[in-house]
Amino acid sequence: MKKMAALLTLLLTACSGEEITETTHRSARTSILPIAGELESARSVMVAPPAIDRMWQYSIKRMAPENSHVEEGEVVVAFDDKAVRERLIEKKSELKQWRSELNNTLLKEKQTAKDDILAIEEKRAEFEKAERRAKILDQSMSRIEREKAAIDFEIARNDLTLARKLAEMHKRTGELRISMARHKVARSEGEVAVLESEVEKLKVKASISGLVQYVANWKGEKPSAGESVRFGQPVLQISDLSQMRVRAQADEVDKAYLSIGTGVAVAIDGAEAVTLRGEILELGRVVRDRATGDRRRVVDLLVGLEETGGSSLKPGMTASLSLGDPAGKKLASAEEVL
């Protein structure tokens, strides 16, 4: 019994030692684990050349200064609109021509309608005269004269019917000509409206208020006034500084210590060291290579920050993430940062 009691005591001591070691190890990992990250805005928009018909290269006329703050609706980039304006002048000239043609068509068809009315009235008068002559029963008239009167009456009736049908045909063809002329005007007006809207689209306005940052191309060169950019190539980004967060990559071995909702200390790198409270908002489920040619396995995570309400934090600033309060350091509140 004594041997069994001693053995049980030894096992309990060993288990306690393992728990203490594991607890110490986990505590050490969560307190000393630094994760490099970069600040980004939770609400940002990229500004690129708009879709303009028959345009693939865009020349920048002017841009809002980098690191300046713009308001929603303010012009941030203006592209050269010379080519569009030239087409607009051409289309306005065509529109003027089509409108003139429509006006002439309306006047012509109006005159044709008047002429048809006069022709019908003339034929009606001839018909009524021939009808009266055909109905006269005068014994002094010879048979030939009576037959001639009947024939004249039939001719007059046919002429009146023909005049009426001709007027109906002129009316239908006139309506068709007017419709076609109006269609040309409407189409031309639509083309002019599109070109006018494209001229305005080349003055790109901010869809949100925020900080302006130029976007470098694949060579690392930032755009400037006078340069040309391709369609779809972003030239600047507008970021809302009131909603900042940190995007980072943690090593695979640290994934076990991370979970959504875990509080972290976010040390912002800058002239003055600032540490903020944060919380893990997203945690990648897939472990991947850090980059092409870099086989280190990492997991992506997104950390939300307390709102600062100011412009002290900017996208692109680097930060270090630590789980828990690092070495007793007090975490700054939003008011203390400002």
Side-chain angles (χ1 to χ4, degrees), residues 47-62 72-131 151-207 228-233 235:
V47 177
I52 303 295
D53 186 34
R54 294 191 287 177
M55 281 190 70
W56 297 271
Q57 289 287 336
Y58 298 75
S59 177
I60 301 173
K61 290 178 63 176
R62 64 180 183 276
E72 182 179 351
E74 183 178 342
V75 176
V76 290
V77 184
F79 296 97
D80 187 10
D81 59 0
K82 181 180 178 181
V84 180
R85 285 193 178 277
E86 288 176 350
R87 283 191 285 145
L88 178 59
I89 293 173
E90 179 183 344
K91 290 300 179 181
K92 282 186 174 180
S93 178
E94 288 183 5
L95 175 58
K96 184 178 179 180
Q97 177 184 345
W98 294 132
R99 282 176 173 169
S100 177
E101 181 178 316
L102 172 60
N103 187 52
N104 292 336
T105 302
L106 289 171
L107 292 175
K108 182 178 179 181
E109 296 306 323
K110 185 176 180 180
Q111 185 61 44
T112 300
K114 288 182 179 180
D115 293 342
D116 287 338
I117 291 174
L118 292 175
I120 291 174
E121 292 302 320
E122 182 181 348
K123 296 301 180 182
R124 188 197 306 276
E126 294 177 358
F127 169 77
E128 291 175 352
K129 181 179 178 180
E131 185 181 27
I151 292 172
D152 291 341
F153 172 65
E154 188 67 24
I155 292 173
R157 181 168 58 186
N158 291 338
D159 287 344
L160 177 60
T161 301
L162 180 62
R164 287 172 175 171
K165 290 184 177 180
L166 189 62
E168 291 177 1
M169 184 188 70
H170 287 164
K171 182 180 179 180
R172 289 195 300 270
T173 56
E175 290 174 349
L176 181 60
R177 290 192 188 99
I178 292 173
S179 176
M180 292 176 63
R182 283 177 173 164
H183 176 71
K184 290 177 181 178
V185 170
R187 183 181 61 186
S188 186
E189 286 176 341
E191 292 173 345
V192 168
V194 168
L195 289 172
E196 288 177 339
S197 68
E198 288 181 344
V199 169
E200 290 301 314
K201 283 169 64 177
L202 288 169
K203 302 172 185 176
V204 184
K205 299 179 180 179
S207 57
S228 294
V229 293
R230 300 185 308 276
F231 170 69
Q233 177 182 342
V235 293

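Just so it is clear, the model here is predicted, and its values are computed rather than measured.
- With values rounded to the nearest 0.5 angstrom, Glu109 atom CD is found 9.5 Å from Asp116 atom CG.
- With a 4.5 Å cut-off on side-chain heavy atoms, Leu166 and Met169 count as touching.
- Annotation for Ala156 and Ala130: closest pair CB-CB, 3.8 Å, computed over non-hydrogen atoms.
- Asp159 pairs by the salt bridge (charged side-chain N to carboxylate O under 4.0 Å, His left out) definition with nothing, not counting sequence neighbours.
- Val235 is listed as a side-chain neighbour of Ile60, based on a closest heavy-atom distance under 4.5 Å.
- Partners of His183 according to the side chain to side chain donor-acceptor pair (under 3.5 Å) rule, which considers only residues two or more places apart in sequence or in another chain, do not exist here.
- Lys92 and Glu196 are joined by a salt bridge, as a carboxylate oxygen and a charged side-chain nitrogen come within less than 4.0 angstrom of each other.
- The main-chain N or O of Lys184 is never found under 3.5 Å from a side-chain atom of Ser188 such that the two would form a donor-acceptor pair.
- The backbone N or O of Glu154 sits less than 3.5 Å from a side-chain atom of Asn158, completing a donor-acceptor pair.
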Show your working on side-chain contact (heavy atoms from CB on, under 4.5 Å) between Asp152 and Glu126 and close with a plain yes or no.
-> CA-CA 9 Å; Asp152 291 341; Glu126 294 177 358; over 6 Å; no

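- Atom-to-atom distance recorded for Leu195:CG and Ile89:CD1 is 11.0 Å, nearest 0.5 angstrom.
- Taking CZ of Arg164 as the reference point, atom CD of Glu168 lies at 9.5 Å (rounded to 0.5 Å).
- Taking CG of Asp80 as the start and CZ of Arg85 as the end, the distance is 10.0 Å to the nearest 0.5 Å.
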Legend entry - Check against side-chain contact (heavy atoms from CB on, under 4.5 Å), Arg87 and Glu191: CA-CA 10 Å; Arg87 283 191 285 145; Glu191 292 173 345; over 6 Å; no

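- Note on residues 77-114: pairs passing ring pair (Phe, Tyr, Trp, His ring centres under 6.0 Å), not counting sequence neighbours, are Tyr58-Phe79.
- Remark: side-chain polar atoms of Glu121 are not paired, donor with acceptor, to backbone N or O of Leu118 under 3.5 angstrom.
- Within 6.0 Å of the CE atom in Met180, the count of heavy atoms belonging to other residues, nucleotides or ligands does not exceed 12.
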inquiry  = Arg124 vs Glu128, test: side-chain contact (heavy atoms from CB on, under 4.5 Å). Steps then yes/no.
reply    = CA-CA 6 Å; Arg124 188 197 306 276; Glu128 291 175 352; 3.8 Å; yes

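- A side chain to side chain contact (heavy atoms under 4.5 Å, CB included) with Val185 is found for exactly one of Arg182, Arg187, Glu189, namely Glu189.
- Taking both residues in full, the closest heavy atoms of Ile120 and Leu160 are given as O-CD1, 3.7 Å, listed atom of the first, atom of the second, then distance.
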Test salt bridge (Lys or Arg N to Asp or Glu O under 4.0 Å) on Glu198 and Lys201; report intermediate values, then the result. CA-CA 5 Å; Glu198 288 181 344; Lys201 283 169 64 177; 5.5 Å; no

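- Here the side chain of Thr112 pairs a donor or acceptor atom with the backbone of Lys108 at under 3.5 angstrom.
- Taking both residues in full, the closest heavy atoms of Pro49 and Val229 are given as CG-CG2, 3.6 Å, listed atom of the first, atom of the second, then distance.
- Counting all heavy atoms, side chain and backbone alike, Val204 lies closest to Ala48 at CG2-O, 4.4 Å.
- Between the side chain of Thr105 and the backbone N or O of Glu101, at least one donor-acceptor pair lies under 3.5 Å.
- Between Leu162 atom CG and Arg157 atom CZ the span is 14.0 Å, to the nearest 0.5 Å.
- The distance from the NZ atom of Lys91 to the OG atom of Ser93 is 10.5 Å, given to the nearest 0.5 Å.
- In summary, Lys205 and Glu74 do not engage in a salt bridge, as defined by a charged side-chain N under 4.0 Å from a carboxylate O.
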